[in-house]
Structures are given as structure tokens and as C-alpha cells.
Protein chains: 2
Amino acid sequence: MFVQMTQALGLPRSLGEIYGLLYASPRPLVFQEIVERLQLSKGSVSQGLRFLRTIGAVQPVVVPGDRREYFEPVVDLRYLVGGFLRERLTPQIEAWGIRSQALRVEDFAQSWGDVPIEAYRKVIVERLDKLKTWQRRAGAVLPMIGKLLG
Amino acid sequence: MFVQMTQALGLPRSLGEIYGLLYASPRPLVFQEIVERLQLSKGSVSQGLRFLRTIGAVQPVVVPGDRREYFEPVVDLRYLVGGFLRERLTPQIEAWGIRSQALRVEDFAQSWGDVPIEAYRKVIVERLDKLKTWQRRAGAVLPMIGKLLG
DNA sequence: CATCGAGTTCAAATAAAAATGAACCGGAAA
DNA sequence: TTTCCGGTTCATTTTTATTTGAACTCGATG
């Protein structure tokens, strides 16, 4: 199930495998155990855990007297989704904002055959505005999604 | 910008190119013009347009006396996002619901070393419940996102 | 201070996804 | 009825993304 979800979100399947394993485990797992149970390379698990940590899907757990790192899943949906949006979508939206502000009508001077330049200019102005509106709304709505799930 | 967005959503770049071209065009475009301007194969454009139509990102326009199909972008963000969620995420969420209902505690009998079976059973029951909760909430929230953008 | 264990990095190999293009379909025009 | 046009399908090729694994870092341990 978690693998399918990562696929739907355009993420590598190993992320789904790792998260799923932790989700089904009654106790935190160490790096090495994840490698063995999933038959993945150390590299994949290392990178996978790093990503899962940055989006807040997985938490390190310290076990006193053991220098290995333990991991457990974060099972708070709000937090999880929030992390994903924050890491993957919000940066995009922001980059969008910057780029759309920078676009000028003059940049769109290419030929569209029979369409007179003034008519084209009008369409472009409208669409650029729309783009900025989108960016604003998306920026406002994304943070709300997490709260709706809470 | 549209290409970047499709990448962030895990969709092929050609979708972004096609949508972006239509977005920058002051008039509807025919299939052939899309192929030429983007230097894509007919196959790619055909499939790309099909997908864009199913999520409602693009609309066919009929021009009387011309048997070719014309396309224009749907610039209503609400509709666009709604289509994407409906086509890509909602089916996943539903499949999830079905699978999580079918899961039984007994399916999780494998060994976790020192963890006593009763303790494990307890964790699994909790987590399966959580999964069902997630599924319900996601089902409730997804349709609202479109409205928030409206 | 050499060695070991735990984990990271990154170039190379592999697997997966997307694009291509040739064969095809169906309707309109010749 | 045959040809042509506009478009679709799908096996193959190409591109891109992911995984691997060997070399490495870093701190603890003998």
C-alpha cells in the first residue's frame, strides 16, 4: 500500500518499502535491519531514510548504550502530509511566483500567424495575471491542507 | 514553468510542454501545430492530449468546416486541480480503503525477535485503525481542496 | 594509533518511464 | 471504391530515474 502511494506521488518505491516496513514494525528498527529485511543496498536505505527524515515521515530514536540509529514511523497524517507539501510542492510554488513576476508581455512576441499583435498582447496579459493569482492561492491553500487533516 | 510543475507531480514533461504551449497561445491549436512547434512525435502528442483531456486541463474546440480537432487550455485552477486529484489521487485513496479493510491482524504473524506476540498485536490493531482513519480523512479533504481554490 | 562498525557518498549499472515511429483505423474527398 | 487526411495504438528505442556497491568518513574500541 505504501509503495503504491509513493508511486502515485512520483517518489521511488524504496521509500514506500522503508516506510511500510517501519509502519508494520512494533518497535524501532536499526539501519542494518532495514537493509536485511528489504534486501536493499545500504546506499538506497541511507538515501531513503534521509528523504523520509527531511519530510518528517520518520523519526530517529536514541537507544542508550547503542550507537546505532533507530527509526520509527511518524504516524500523524497531518504532519506527514505537511512535510511532503513543504518539501516538494511549496518550493515549486515559490519558484513559480518569482518566475511569473519576471515574465514580461514582450517576451511573447513570436508569431501566431493571423492573430494581430494587440489581440495576442491582451490574451497574454490576462494569462500572466491568472498565473500570479494561481500562485497566490496555492500558497494560501497548501498550508491549510495539513490543518484540515488534523 | 509548466514542465517544472509536471515534474514535481511525477508526470511526463511532454504534458507540461503541451499545456504550456496552449497556455501561451492566443487561439486554439490543432494537433499538427502542437507536433510541429514542440518537435514531438504524433504518438506523444496524442497520448499527452488524451491525458490532459481526462484530467480536464485541456478542452477540444470545434471549428465548423474544419474536421481537425482544436484544443485550448482550461485556465480555471479549481477545475484543473480537481481533475488531477480525481484522476490520480482519489482512485489510490479508494484502493487503499478497500485494502486496509481487508487486512487482518493475523496477516502480521511474522517474527519481530523479542517482541511478544500480544504486544505486537496491540501495535498492529492501532496502526490498522490509523490507516482507516487516514483513508476516511483523505477522502473527505481531497474534494474540499478544489473548493478552497475557487 | 590501528582497526572496526555504522553509515554516507557518488560514479556506474540497472530498471523504469517516456518518446518515437511505423502500422493501422475510420471517415471524407476524389 | 480508392486515396488521403487526421489521428490512435503499441512494440521498440531512447531517456531518465533509481539502485547498487565500492570507496570513503567518522567516531568509538582495543
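Naming convention: chains lettered A, B, ... in sequence-line order (proteins, then strands); numbering from 1 in each chain.
- Position along DNA chain D of the nearest nucleotide to S44(B) versus Q32(B) favours Q32(B) as the more 5'-ward residue.
- The residue E17(A) sits apart from the nucleic acid: no heavy atom pair falls under 4.0 Å.
- Remark: the R67(B) side chain and the dC5(D) base include a donor-acceptor N/O pair separated by less than 3.5 Å.
- Ring orientation note: the planes of W134(B) and W96(B) are close to parallel, at an angle under 30° on the 30°/60° scale.
- Computed from coordinates, the E33(B) CD to dG6(D) P distance equals 13 Å when rounded to whole Å.
- Nearer the 5' end of DNA chain C, as judged by each residue's closest nucleotide, is the contact made by S46(A), out of S46(A) and R13(A).
- The nearest heavy atom of DNA chain C to L49(A) and to Q7(A) marks one nucleotide each, and the one closer to the 5' end goes with L49(A).
- Atom-to-atom, CZ of F51(A) to C1' of dT9(C) comes out at 19 Å; the value is rounded to the nearest Å.
- For S41(A), no side-chain nitrogen or oxygen approaches OP1 or OP2 of dG21(D) to under 4.0 Å.
- Atom CG of L40(B) and atom C1' of dT14(D) are 14 Å apart (whole Å).
- In terms of hydrophobic clustering, with Ile, Leu, Val, Met, Phe, Trp and Tyr side chains grouped at heavy-atom distances under 4.5 Å, V58(B) and Y70(B) are assigned to different clusters.
- In this structure, E69(A) atom CD and dA6(C) atom P are separated by 12 Å, rounded to whole Å.
- The backbone N or O of S44(B) sits less than 3.5 Å from a side-chain atom of S41(B), completing a donor-acceptor pair.
- Nearest nucleotide to the R68(B) side chain, out of dG6(D), dA19(C), dT9(D): dG6(D).
- Put simply, CD1 on I18(A) is 10 Å from P on dT20(D), counting in whole angstrom units.
- Side-chain to base pairing of Q47(B) with dC10(D): one donor and one acceptor N or O lie within less than 3.5 Å of each other.
- For the pair R121(A) and W112(A), the NZ or CZ position fails the cation-pi test of under 6.0 Å to the six-membered ring centre and within 45 degrees of the ring normal.
- Following rounding to the nearest Å, L9(B) (CG) and dA17(C) (P) show an atom-to-atom distance of 17 Å.
- Taking the centre and axis of the six-membered ring of Y23(B), the NZ or CZ atom of R127(A) falls inside the cone set by 45° and 6.0 Å.
- Rounded to an integer number of Å, the gap from I34(A) CD1 to dT20(D) P is 14 Å.
- When distances are taken from the side chain of S14(A) to each of dT9(C), dT8(D), dT19(D), the shortest belongs to dT19(D).
- Checked against dT8(C), dA23(C), dT9(C), the side chain of K42(B) finds its nearest nucleotide in dA23(C).
- Atom C1' of nucleotide dC5(D) and atom CZ of F31(B) are separated by 12 Å, given to the nearest angstrom.
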